[in-house]
Colleague: 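Could you have a look at this structure, given as structure tokens, before my questions?
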There are 2 protein chains.
Amino acid sequence: MIINRDTDYAVRCVLLMSGNHGKTFVIGEIAKQKAIPESFLAKILQKLTRAGIVESIRGAKGGFVMAKDPRDITLLDVVEAINGKIVINKCTTAEDRCVLMHDCPTFPLWFEIKQMVEQRLRQYEFATLAKKYEASATGKTPSGV
Amino acid sequence: MIINRDTDYAVRCVLLMSGNHGKTFVIGEIAKQKAIPESFLAKILQKLTRAGIVESIRGAKGGFVMAKDPRDITLLDVVEAINGKIVINKCTTAEDRCVLMHDCPTFPLWFEIKQMVEQRLRQYEFATLAKKYEASATGKTPSGV
DNA sequence: TAATACTTGACAAAATTAGTCCTGTTAATG
DNA sequence: CATTAACAGGACTAATTTTGTCAAGTATTA
């Protein structure tokens, strides 16, 4: 599973915000519209903030706004913001690195596949995705659950 | 993570057996050579057996042999034998299917990426992989841990 | 019949995922 | 300047999945 629950929530969230570029959302609103547990979404938004995808505004009248143009945010950006770099097989990571990987013919393949997936995810940016979304959605209805 | 521990073990196992096509292995031998917990490997070999990748021989002098030519076994075969079909996002599966997926612009992408990964894994077959493996391995040493 | 090996299902520990909650901080506003 | 609205961060918890283990059963050989 490359996309877990939190990444999926993050995508929904950025999708909604991309379709309303410039608007300030409070957590509760996004949570309601996208059927995401509110306190969990709070955590996810923190990650998106640290990644520079959204910007948080504290205090009364606060909330979250897009920090960048949706054209400059790819699916890969959001995926990595939430879960870090994609890993196909743990044996390729520093912590779980296989000692005898030199003998392993499959070892390089996991890298190759990772890069392939990354490249594909990088091709999708949220401006386009949100446009499709708006086109099929009815408008204000809580959609895309 | 597309490749978890058990799939990784399965790959090691099929790799070893592919390099010794025709030889009958007992679980203990594979486990030792590939540093896999023996009772866990037993489970994995059952899956490989049901998938028709290896054949089990019960009783004394029993063990496991390759059931097919390593040229006809791809990485995808082994991955699917252990973990079933690759899933990129659970929302695409029957059980966790998103109700309002019609509004979701990312929904089709998960399928697309899945197919891309499948296609790549299908390109690697064990005869070639095992050959590379033998080329770099020293021979009988427990390698490829 | 004794020994060898796989089969199956139940169980269990460890890790990860998913989510909650509480306390603190920041900003607006009357 | 007190109050209220909203996010920030860390500790905690529940559920699920992963990663195994074990014991009783079955098949085969000698």
Side-chain angles (χ1 to χ4, degrees), chain A residues 1-13 17 23-32 34-67 79 81-84 86-87 89-91 93 95-96, chain B residues 1-13 17 23-32 34-51 53-67 79 82-84 86-87 89-91 93 95-96:
Chain A
M1 205 82 51
I2 287 175
I3 311 296
N4 2 15
R5 216 92 180 99
D6 47 5
T7 308
D8 190 71
Y9 289 157
V11 171
R12 295 184 200 181
C13 175
M17 294 177 75
K23 174 174 174 185
T24 299
F25 286 86
V26 300
I27 294 178
E29 187 181 357
I30 304 172
K32 199 178 168 191
K34 291 300 185 178
I36 304 169
E38 194 166 327
S39 53
F40 194 29
L41 178 59
K43 291 295 184 193
I44 290 165
L45 278 163
Q46 281 178 35
K47 290 187 181 179
L48 291 174
T49 303
R50 284 188 218 108
I53 292 169
V54 303
E55 185 186 344
S56 87
I57 303 161
R58 299 177 69 161
K61 303 279 175 187
F64 293 88
V65 209
M66 294 298 291
V79 170
I82 304 300
N83 269 328
I86 290 171
V87 173
N89 188 339
K90 252 189 294 195
C91 73
T93 64
E95 319 87 59
D96 296 84
Chain B
M1 205 83 51
I2 287 176
I3 310 296
N4 2 16
R5 218 92 179 99
D6 48 5
T7 307
D8 191 71
Y9 288 157
V11 171
R12 294 184 200 181
C13 175
M17 294 177 74
K23 172 173 176 185
T24 300
F25 286 87
V26 299
I27 293 179
E29 186 182 356
I30 304 172
K32 199 177 167 192
K34 291 300 184 178
I36 304 169
E38 195 168 327
S39 53
F40 194 27
L41 178 58
K43 292 293 188 193
I44 291 165
L45 277 163
Q46 282 177 38
K47 289 188 181 180
L48 291 175
T49 303
R50 284 189 219 109
I53 292 169
V54 304
E55 185 186 344
S56 86
I57 303 162
R58 299 176 69 161
K61 304 279 178 189
F64 292 89
V65 209
M66 293 299 291
V79 169
I82 304 301
N83 269 328
I86 290 171
V87 173
N89 188 339
K90 252 189 295 197
C91 73
T93 64
E95 319 87 59
D96 296 85

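A note on names: the letters A, B, ... follow the listed sequences, proteins ahead of strands, and every chain is numbered from 1. When reading the values below, keep in mind they use all heavy atoms of this one structure, side chains included, and skip hydrogens, waters and symmetry mates.
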Colleague: Could you tell me whether Ser56(B) contacts a base, only the sugar-phosphate backbone, or nothing, with contacts defined as non-hydrogen atoms closer than 4.0 Å?
Modeller: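 Here Ser56(B) touches the backbone only, sparing every base.
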Colleague: Among dA18(C), dC21(C), dT16(C), which nucleotide has an atom closest to any side-chain atom of Ser39(A)?
Modeller: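 Minimum distance to the Ser39(A) side chain belongs to dC21(C).
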Colleague: Could you walk me through whether Leu48(A) and Ile82(A) pass side chain to side chain contact (heavy atoms under 4.5 Å, CB included), step by step?
Modeller: CA-CA 7 Å; Leu48(A) 291 174; Ile82(A) 304 300; 4.1 Å; yes
Colleague: Given dT19(D), is OP1 or OP2 found less than 4.0 Å from the side-chain N or O atoms of Tyr9(B)?
Modeller: no
Colleague: For side chain to side chain contact (heavy atoms under 4.5 Å, CB included), just list the numbers for Leu45(B) and Ser56(B), CA-CA rounded to whole Å, side-chain angles, deciding distance to a tenth of an Å, and then say yes or no.
Modeller: CA-CA 8 Å; Leu45(B) 277 163; Ser56(B) 86; over 6 Å; no
Colleague: Once you round it to whole Å, what is the distance between P of dT7(C) and NZ of Lys47(B)?
Modeller: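 Answer to the nearest Å: 14 Å.
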Colleague: In Å and rounded to the nearest 0.5 Å, what is the CG to CE distance from Asn83(A) to Met1(A)?
Modeller: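 The CE atom of Met1(A) is 12.0 Å from CG of Asn83(A), to the nearest 0.5 Å.
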Colleague: Nearest whole angstrom, please: distance from the P of dC22(D) to the CD of Glu38(B).
Modeller: 11 Å
Colleague: Kindly compute the distance separating CG (Asn4(A)) from NZ (Lys90(B)), expressed to the nearest 0.5 Å.
Modeller: 8.5 Å
Colleague: Residues two or more places apart in sequence or in another chain: which of them pass ring-ring contact (aromatic ring centres under 6.0 Å, His included) with Phe25(A)?
Modeller: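 ring-ring contact (aromatic ring centres under 6.0 Å, His included) list for Phe25(A), sorted by chain: empty.
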Colleague: Please tabulate, one pair per line, each protein N/O and nucleotide N/O from nucleotides 27-30 of chain C that are separated by under 3.5 Å, including the distance.
Modeller:
none

Colleague: Under 3.5 Å, which N/O atoms of the protein pair with N/O atoms of nucleotides 11-14 of chain C?
Modeller:
none

Colleague: Could you tell me whether Gly28(B) contacts a base, only the sugar-phosphate backbone, or nothing, with contacts defined as non-hydrogen atoms closer than 4.0 Å?
Modeller: nothing
Colleague: Could you check how far CE of Met1(A) sits from C1' of dT18(D), rounded to whole Å?
Modeller: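 Interatomic distance, CE of Met1(A) to C1' of dT18(D): 12 Å.
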Colleague: Counting any heavy atom closer than 4.0 Å, what does Ile27(B) reach on the DNA or RNA strands: base, sugar-phosphate only, or nothing?
Modeller: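 Sugar-phosphate only.
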Colleague: Going by side chain to side chain donor-acceptor pair (under 3.5 Å), name the residues that satisfy it together with Arg58(A), two or more places apart in sequence or in a different chain.
Modeller: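 Applying side chain to side chain donor-acceptor pair (under 3.5 Å) to Arg58(A) gives none.
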Colleague: Between Arg5(A) and Val26(B), which has a closest nucleotide on DNA chain C that is more 5'?
Modeller: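 So the residue in question is Val26(B).
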Colleague: The criterion is side chain to side chain donor-acceptor pair (under 3.5 Å); which residues satisfy it with Gln46(B), sequence neighbours excluded?
Modeller: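 Testing Gln46(B) for side chain to side chain donor-acceptor pair (under 3.5 Å), a comparison that skips the adjacent residues, returns Arg50(B).
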Colleague: Between Lys43(B) and Asn83(B), name the one whose nearest nucleotide on DNA chain D is closer to the 5' end.
Modeller: Asn83(B)
Colleague: Could you work out, with side chain to side chain donor-acceptor pair (under 3.5 Å) as the rule, every residue matching Glu38(B), not counting sequence neighbours?
Modeller: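 If we apply the side chain to side chain donor-acceptor pair (under 3.5 Å) test to Glu38(B), skipping adjacent residues, there are no hits.
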Colleague: Round to the nearest Å and state the distance from Ile82(B) atom CD1 to dT19(D) atom C1'.
Modeller: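 In whole Å, dT19(D) C1' and Ile82(B) CD1 are 13 Å from each other.
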Colleague: Taking 4.0 Å as the cut-off, does a side-chain nitrogen or oxygen of Gln46(B) come that near to OP1 or OP2 on dC6(C)?
Modeller: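 No, no such contact exists.
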Colleague: Start with the C-alpha gap between Ile44(B) and Cys13(B), add the side-chain angles, then the distance that decides, and say whether side chain to side chain contact (heavy atoms under 4.5 Å, CB included) holds.
Modeller: CA-CA 9 Å; Ile44(B) 291 165; Cys13(B) 175; 5.8 Å; no
Colleague: Whole angstrom is fine here: how far is it from CZ in Phe40(A) over to P in dT13(D)?
Modeller: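 My rounded result for the distance is 18 Å.
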Colleague: dT17(C) P sits how many Å from Ile3(A) CD1, rounded?
Modeller: 13 Å
